[in-house]
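What's counted below: heavy atoms across the whole structure, side chains too, no hydrogens, waters or symmetry copies.
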Amino acid sequence: MGFIGSGYIGSTIARLAIEAGHQVVLSNSRGPETLADTAAELGPRASAATSGEVAAAGDIVVVTVPVKAFPDLAAAPLADKTVIDTCNYDPGRDGHIPELDSESLTSSELLLRYIPDAMLVKAFNTIFFKHLLSLGRPAGAADRSYLPIAGDSASAKAAVTEFIESIGYGVVDAGPLADSWQQATGTPVWGTPYGPFSNEKGQPAGENAIRAALATATR
């Protein structure tokens with residue numbers, strides 16, 4: 001698992017991945033030396049590298065950066081890679097992006113313009129990082145939580161589903177990238193099913209709850 005971006009959500013996914021037996025390679029915009037402590041804390045299955053090295057090394061690459069940083073991504077190393085997009089558009093942070101403000105594109109479709117040959121899957125953008133850390137459950141558990149994913153590649157969706165299941169979550173297929181607006185910031189499936197941020201442990205959200213939340217999204 002490669003990580004381009006190592007903020008709250010990226011480092012949480014990395015921690016869960018390591019606990020599930022995956023190797024992880026981390027990167028950020030400041031250079032691998034600034035991630036030495038994080039990698040050491042995560043243990044021997046974690047290492048740090050440049051974003052280009054991460055893109056080349058990862059079987060699955062997690063892009064978890066501000067939307068305004070999309071133009072800085074290197075397209076060539078991500079060609080034909082399964083890429084997880086965790087990113088949420090925030091005009092206050094990212095500045096106003098006309099295609100996103102007008103809803104003519106989803107943020108994932110915008111990302112695909114910069115890494116056009118990647119097999120992109122939207123995932124992990126709907127859950128608070130503390131809830132993600134605490135709500136994982138074994139397969140078959142009655143209180144197993146589910147996460148929505150969207151993407152255009154069946155093989156990439158299958159790979160991402162396998163990974164998400166390995167870290168303790170079920171998956172709801174929310175359709176193609178064009179439909180990923182259903183899980184964008186502020187939609188019914190964004191955050192709410194897993195409880196308020198003030199409840200750091202979160203509350204389980206099963207398959208039916210996630211499907212119902214997706215179904216009530218409006219654009």
Do [X] and [Y] have side chains that approach each other closer than 4.5 Å (heavy atoms only, starting at C-beta)?
X: I115; Y: V83; answer: yes
X: V121; Y: S153; answer: no
X: Q183; Y: K122; answer: yes
X: L73; Y: L111; answer: yes
X: K157; Y: I149; answer: yes

- Task: Return each pair, listed once, that meets ring pair (Phe, Tyr, Trp, His ring centres under 6.0 Å) where at least one residue sits in residues 152-177; pairs must be two or more places apart or across chains.
- Result: H22-F163
- ring-ring contact (aromatic ring centres under 6.0 Å, His included) partners of Y194, counting only residues at least two apart: none
- Note on the structure: Residue set satisfying ring-ring contact (aromatic ring centres under 6.0 Å, His included) with F70, at least two apart, ordered chain then number -> none
- Would you please classify the geometry between the F197 ring and the H131 ring as parallel, tilted or perpendicular, with 30° and 60° separating the classes? perpendicular
Nearest 0.5 Å please: distance from the [atom1] atom of [X] over to the [atom2] atom of [Y].
X: S145; Y: I210; atom1: OG; atom2: CD1; result: 7.5 Å
X: L214; Y: D173; atom1: CG; atom2: CG; result: 10.0 Å
X: Y146; Y: E207; atom1: OH; atom2: CD; result: 5.0 Å
X: F3; Y: T38; atom1: CZ; atom2: OG1; result: 12.5 Å
X: I97; Y: S104; atom1: CD1; atom2: OG; result: 11.0 Å

Which pair of heavy atoms, one from [X] and one from [Y], lies closest together, and at what distance?
X: I9; Y: I127; answer: CD1-O, 3.8 Å
X: S6; Y: L26; answer: OG-CB, 3.7 Å
X: T64; Y: C87; answer: CA-SG, 4.1 Å
X: A55; Y: V61; answer: O-CG2, 3.9 Å

- Task: Check which hydrophobic residues are tied to W190 through side-chain heavy-atom contacts below 4.5 Å, counting indirect links as well, and list them.
- Result: none
More than 12 non-hydrogen atoms from neighbouring residues, nucleotides or ligands closer than 6.0 Å to [atom1] on [X], yes or no?
X: D143; atom1: CG; value: yes
X: Q203; atom1: CD; value: yes
X: D59; atom1: CG; value: no

- Message: Once side chain to side chain donor-acceptor pair (under 3.5 Å) is applied, do any residues pair with E200, and if so which ones, sequence neighbours excluded?
- Response: K130
- Item | Set of side chain to side chain donor-acceptor pair (under 3.5 Å) partners for Y89, sequence neighbours left out | D101
- Between the side chains of T86 and N125, is a donor N or O closer than 3.5 angstrom to an acceptor N or O? no
- Item | Side-chain H-bond candidate by donor/acceptor type, T34 with N28, under 3.5 Å | yes
- Checking K81 side chain against A56 main chain: does a donor-acceptor pair fall under 3.5 Å? yes
Can you get from [X] to [Y] by hopping between Ile, Leu, Val, Met, Phe, Trp and Tyr side chains that sit under 4.5 Å apart?
X: M119; Y: L112; answer: no
X: V24; Y: V65; answer: no
X: V25; Y: I167; answer: no

- Task: Could you tell me whether R15 and E41 make a salt bridge, using a distance below 4.0 angstrom between a side-chain N and a carboxylate O?
- Result: yes
- Salt bridge or not for R113 and E99, using N-O below 4.0 Å? yes
- Message: T106 vs S108, test: side-chain hydrogen bond (donor to acceptor under 3.5 Å, both in side chains). Steps then yes/no.
- Response: CA-CA 5 Å; T106 65; S108 290; 4.9 Å; no
